[in-house]
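Scroll down for the structure; my scribbles are underneath it.
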Amino acid sequence: MAILALDIGATKFAAGVVYPGPEVRDVRQVEVPATSVWDACRGLLLEVAGREPVSAVGIGAAGPVDVRTGVTGPLNIPEWKSGFPVVAAVRELFPAAAIRFAIDGACLALAEHRLGALRGVPDALAMTVSSGIGGGIVAGGSVLLGRTGNAGHVGHIVVPGWDTPCGCGGRGCVEAVASGMSSVRWAREQGWPGGTGVRLAADAHAGDEIALAALRRAGTALGAAIASAAALLDVDRVVVGGGFARSGAPLWDPLRAAVAEHAGLTFLRGLRVELSAIAHGATLAGAGVLAAEHAADEPV
């Protein structure tokens with residue numbers, strides 16, 4: 001019997017088979033199409049499952065989500081923005097499978113707590129900085145889901161100094177300022193000719209002034225949001241993962257400077273902010289943990 005993990009991201013779907021450990025292998029992925037989104041996801045899951053019966057599926061999804069109804073509504077997937085019943089759709093594919101579902105930030109926190117930098121840490125925040133920005137909270141050794149499953153969705157902390165419109169309908173959210181997608185959009189508005197966060201980081205390292213400004217802008221906003229979240233949650237460890245988080249010093253130098261500026265409360269002294277050691281697929285790894293731990297009925 002196969003156990004599957006599924007990562008529903010803003011720009012790609014990834015799925016794999018969960019092995020003891022837990023470890024996700026045989027990973028395959030597909031870009032999120034503009035239309036017929038479920039068809040692409042469905043095809044990926046069937047390809048990964050092959051002919052094996054499926055006993056469990058762990059799903060990590062970009063949010064917002066509603067774990068009570070099994071619905072995800074990623075802001076960056078227009079066809080699903082108003083809500084897609086992903087749990088019901090997966091259950092229709094694999095009727096006998098146990099299905100666990102969480103927001104991508106909770107999966108990141110779960111992966112870090114079970115497999116990564118937060119092992120043995122009872123209280124912490126995990127963030128993902130990629131096409132969007134999300135997060136998950138570890139409290140008392142467990143990952144908090146919250147009333148609807150969106151606890152830790154830190155992408156919508158409002159940061160001072162910006163009035164940038166956000167896909168949520170608000171303005172000045174850290175996701176609207178500091179995500180990879182938002183940073184690329186801002187840089188292009190300033191005349192930068194590239195189109196991806198990877199290229200933006202590379203150009204910043206090469207000394208491109210617009211790229212450097214974009215990463216400085218993102219890092220400053222991220223640092224302010226991290227300090228605010230750490231104060232709210234009373235944590236002294238923050239782990240940041242995601243592809244755009246790996247942009248290096250042009251992002252992290254202003255990030256750390258902003259954390260130092262804003263984290264002035266006595267209980268935040270010694271606040272550690274570090275890059276995730278799970279270089280690729282942290283959400284998928286967390287979805288794998290979700291599925292693997294289901295049979296044991298362990299708390300998330």
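Bear in mind that the values here come from a model prediction, so they are computed numbers and not experimental data.
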*For residues Leu145 and Ala106, report the shortest heavy-atom separation together with the two atoms involved.*
CD2-CB, 4.0 Å
*Trp162 vs Val174 side-chain heavy atoms within contact, under 4.5 Å*: no
*Given side chains that start at C-beta, do those of Val57 and Arg91 come closer than 4.5 Å, heavy atoms only?*
no
_If I compare all heavy atoms of Val235 with all of Asp123, which pair ends up nearest, and what's the gap?_
CG1-C, 3.9 Å
_Once rounded to the nearest 0.5 Å, what's the spacing between atom CG of Asp104 and atom OG1 of Thr283?_
5.0 Å
*Keeping the roles fixed (side chain from Arg188, backbone from Gly194), state whether a donor-acceptor pair exists under 3.5 Å.*
yes
_Counting neighbours of CD on Glu189 that are heavy atoms of other residues, nucleotides or ligands and sit closer than 6.0 Å, is the number greater than 12?_
yes
*Does the side chain of Arg217 reach to within under 4.5 Å of the side chain of Thr164, using non-hydrogen atoms?*
yes
*Of all residues at least two apart in sequence or in a different chain, which pass the salt bridge (charged side-chain N to carboxylate O under 4.0 Å, His left out) check with Arg246?*
none
*Just grab all the side-chain hydrogen bond (donor to acceptor under 3.5 Å, both in side chains) pairs involving residues 27-39, residues at least two apart or on different chains.*
Arg28-Glu47
_Results of salt bridge (charged side-chain N to carboxylate O under 4.0 Å, His left out) for Asp208 - residues two or more places apart only_ = none
*How long is the gap from NZ on Lys12 to OG on Ser130, to the nearest 0.5 Å?*
7.5 Å
*Residues two or more places apart in sequence or in another chain: which of them pass side-chain hydrogen bond (donor to acceptor under 3.5 Å, both in side chains) with Ser55?*
none
*asked:* Please give me the minimum heavy-atom distance between Ala176 and Pro165, naming the atom from each residue.
replied: CB-O, 3.5 Å
_According to a hydrophobic-cluster definition based on side-chain heavy atoms being under 4.5 Å apart (Ile, Leu, Val, Met, Phe, Trp, Tyr only), do Ile3 and Ile99 belong together?_
no
*How many angstroms lie between CG in Leu45 and CD1 in Ile59, if you round to the nearest 0.5 Å?*
7.5 Å
*Only counting residues at least two apart or in another chain, list the ones meeting side-chain contact (heavy atoms from CB on, under 4.5 Å) with Ala231.*
Leu265, Phe267, Leu268
*Do Val27 and Val18 belong to the same hydrophobic cluster, where Ile, Leu, Val, Met, Phe, Trp and Tyr are linked whenever their side-chain heavy atoms lie under 4.5 Å apart, directly or via other members?*
yes
*Answer yes when Glu293 and Arg100 have at least one side-chain N-carboxylate O distance shorter than 4.0 Å, and no when they do not.*
no
*side-chain contact (heavy atoms from CB on, under 4.5 Å) involving Lys81 - partner list, sequence neighbours excluded*: Leu75
_Leu290 vs Cys107, test: side chain to side chain contact (heavy atoms under 4.5 Å, CB included). Steps then yes/no._
CA-CA 8 Å; Leu290 273 179; Cys107 285; 3.8 Å; yes
*Check Val71 against Gly83 and note the closest heavy-atom contact, atom names and distance.*
CG1-CA, 3.6 Å
*asked:* Applying side-chain hydrogen bond (donor to acceptor under 3.5 Å, both in side chains), can you list everything that pairs with Ser276, at least two apart in sequence or on another chain?
replied: Glu112
*Does any non-hydrogen side-chain atom of Glu79 lie less than 4.5 Å from one of Phe84?*
no
_Which residues share a side-chain hydrogen bond (donor to acceptor under 3.5 Å, both in side chains) with Ser179, sequence neighbours left out_ = Ser182
_Between Val138 and Val121, is there a side-chain heavy-atom distance shorter than 4.5 Å?_
no
_Please enumerate all residues that pass ring pair (Phe, Tyr, Trp, His ring centres under 6.0 Å) together with Phe13, with sequence neighbours excluded._
Trp80
*Looking only at heavy atoms, which two atoms of Leu215 and Pro254 are closest? And how far apart?*
O-CG, 4.1 Å
*Within 6.0 angstrom of Arg42 CZ, more than 12 heavy atoms from elsewhere*: no
_Are Ser228 and His262 packed together at the side-chain level, in the sense that at least one heavy-atom pair is separated by less than 4.5 angstrom?_
no
*asked:* Hydrophobic clusters here meaning ILVMFWY residues chained together by side-chain heavy-atom distances under 4.5 Å, can you tell me if Val238 and Ile157 are in one?
replied: yes
*Going from CG on Asp236 to CZ on Arg269, what distance comes out if it is rounded to the nearest 0.5 angstrom?*
14.0 Å
*What's the spacing between Thr72 OG1 and Ile103 CD1 if we round to 0.5 Å?*
7.5 Å
*Mind checking what makes side-chain hydrogen bond (donor to acceptor under 3.5 Å, both in side chains) contact with Arg68, not counting sequence neighbours?*
Asp66
*Please walk me through it: do Met181 and Thr11 pass side chain to side chain contact (heavy atoms under 4.5 Å, CB included)?*
CA-CA 10 Å; Met181 191 175 290; Thr11 59; 4.1 Å; yes
*asked:* Test of understanding: clusters of I, L, V, M, F, W, Y form through side-chain heavy atoms closer than 4.5 Å, transitively. Do Val240 and Ile133 belong to the same one?
replied: yes
*Below 4.5 Å, heavy atoms only, C-beta onward: do Leu115 and Pro22 meet side chain to side chain?*
yes
*Could you give the distance from CG (Leu118) to CG (Leu110), rounded to the nearest 0.5 Å?*
11.0 Å
*Which residue, Val37, Ile8, Asn76, forms the side chain to side chain contact (heavy atoms under 4.5 Å, CB included) with Val32?*
Val37
_Under the rule for side-chain contact (heavy atoms from CB on, under 4.5 Å), what residues qualify as partners of Val259, not counting sequence neighbours?_
Ile226, Leu255, Ala263, Leu271, Val273
*Does the Arg256 side chain pair with the main chain of Asp253, one donor and one acceptor, at a distance under 3.5 Å?*
no
_Partners passing side-chain contact (heavy atoms from CB on, under 4.5 Å) against Val17 (at least two apart in sequence or in another chain)_ = Leu4, Tyr19, Asp26, Val48
*pair Val65-Thr148: side-chain heavy atoms closer than 4.5 Å*: no
*Quick one: do Leu212 and Trp186 end up in the same hydrophobic cluster if we chain Ile, Leu, Val, Met, Phe, Trp and Tyr together by side-chain heavy atoms under 4.5 Å apart?*
no
*Can you check whether Glu209's main-chain N or O pairs, donor with acceptor, with Trp192's side chain at less than 3.5 Å?*
no
_So which atom in Gly9 and which in Ile77 form the shortest heavy-atom distance, rounded to 0.1 Å?_
O-CD1, 3.5 Å
